[in-house]
Amino acid sequence: MKEQDSNSLFIGKVQIRLDSVDSTNKFAKDLLSKTTPIEGTVIRTDRQFAGRGQFGSNWASDEGKNITISVILFPKFLLAVQQFYLSMAVSLSVLEIIKSNIKDKVVTIKWPNDIYVNSKKIAGILIENTLNGIYLKESVIGIGINVNQEYFSSELPNPTSIFLETKQKFDLDKIVLQLSSSLERHYNSLNAAKPMDMMIEYQNNLYRKGQLSNFKIIENGEIVQGVIQGIEENGLLVLIINDLIHKFSLKQISFLL
Ligand code: BTN
């Protein structure tokens, strides 16, 4: 465990650096079940051999080439029904860092929190929360950013990395520091009750907003075409399908590539 120099005051000040771990999110959750780490503790590894993705998927990352971290936060000021705000704050932070390192490309947020360069996925976010009554209690913010990886498994539908987009290798430590400051700034804005500004920024950076796209209705497997109008405060995706407004939660619809 060591203290890091960065512009942030608490995120990343304590960093637990592991040579190898199954999943940094799992490690963070185990830690929370045994002790009370300080808020902002970052768990980071060069080799994650059973990385977790959304909806029980895997997150694969070549050793030493990418960022695989989890940040421990205690967002006790947020109601459980406001948990999308956290997802929004984290997405905007990762978006900012990717944009600042990749110039002149279209970088967007694919609802709810994948980061895309054009139509390829460059980063994924897995947030695991615990609740205390109607409030959030602990949050493990897992972030995977493809940085220097050149080759990806052909099983992945559309991966990319900062290297593939820029043809340059990047210093992982520097990106972790940038990310820590950006996360802290966005998280503090949430705490200062400024989610509406963030909401606007999130919507302005939404992947395929205003374009006709294909979606799958999870309940019956039906494929529909719709145009993304925006997002509601609670994170629902607002789509226009056949001239009618429909709202979907993550469990109800998936975005088809
Ligand atoms: C997704 O897009 O499906 C989410 C991927 C999240 C991956 C990160 S890597 C660090 C952290 N630890 C994990 O096991 N998963 C997250």
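By convention here, the first residue in the shown sequence is residue 1. Order of listing sets the numbers, starting from 1, for every ligand and every atom in it.
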Protein contact of atom 9 (S) of ligand 1 - nearest heavy atom, named by residue and atom, plus distance: Gln48 NE2, 3.4 Å

Proximity of Asp114 to ligand 1 by residue part, where a heavy atom lies under 4.0 Å: side chain

Salt-bridge present (Lys65, Asp46; N to O < 4.0 Å): no

Which of the ligand 1 atoms, numbered from 1, are nearer than 4.0 Å to a heavy atom of Thr24: 10 (C), 11 (C), 12 (N)

Region of Lys26 engaging ligand 1 - heavy atom pairs below 4.0 Å: neither

Within one Ile-Leu-Val-Met-Phe-Trp-Tyr cluster: Leu237 and Tyr85, side-chain cutoff 4.5 Å: yes

Heavy-atom pair of closest approach, residues Phe77 and Gln82: O-OE1, 4.2 Å

Nitrogen or oxygen atoms of Gln54 and ligand 1 under 3.5 Å apart: yes

Proximal atoms of ligand 1 relative to Gly51 (non-hydrogen, under 4.0 Å): 14 (O)

Option nearest atom 8 (C) of ligand 1 (shortest heavy-atom distance, choices Ser61, Ser23, Gly144, Ser70): Gly144

Worked check of ring pair (Phe, Tyr, Trp, His ring centres under 6.0 Å) between Tyr202 and Phe84: CA-CA 11 Å; Tyr202 181 95; Phe84 180 68; 5.4 Å; yes

Atom 5 (C) of ligand 1 [closest protein heavy-atom partner, distance rounded to 0.1 Å]: Trp59 CE3, 3.4 Å

Residues Lys99, Asp104: salt bridge by 4.0 Å N-O rule: no

For the student: nearest non-hydrogen atoms of Phe49 and Arg47, plus distance: CD2-NH1, 3.6 Å

Nitrogen or oxygen atoms of Thr68 and ligand 1 under 3.5 Å apart: no

Option with minimal heavy-atom separation from atom 16 (C) of ligand 1, where the choices are Arg44, Arg52, Lys121: Arg52

For Ile69, atoms of ligand 1 separated by under 4.0 Å from a heavy atom: 10 (C), 11 (C)

Donor-acceptor contact present, side-chain Asn66 to main-chain Val147, <3.5 Å: yes

Interfacing atoms of ligand 1 (cut-off 4.0 Å, heavy-atom, Gly53): 1 (C), 3 (O), 4 (C), 5 (C)

salt_bridge(Asp30, Lys34) N-O dist < 4.0 Å: no

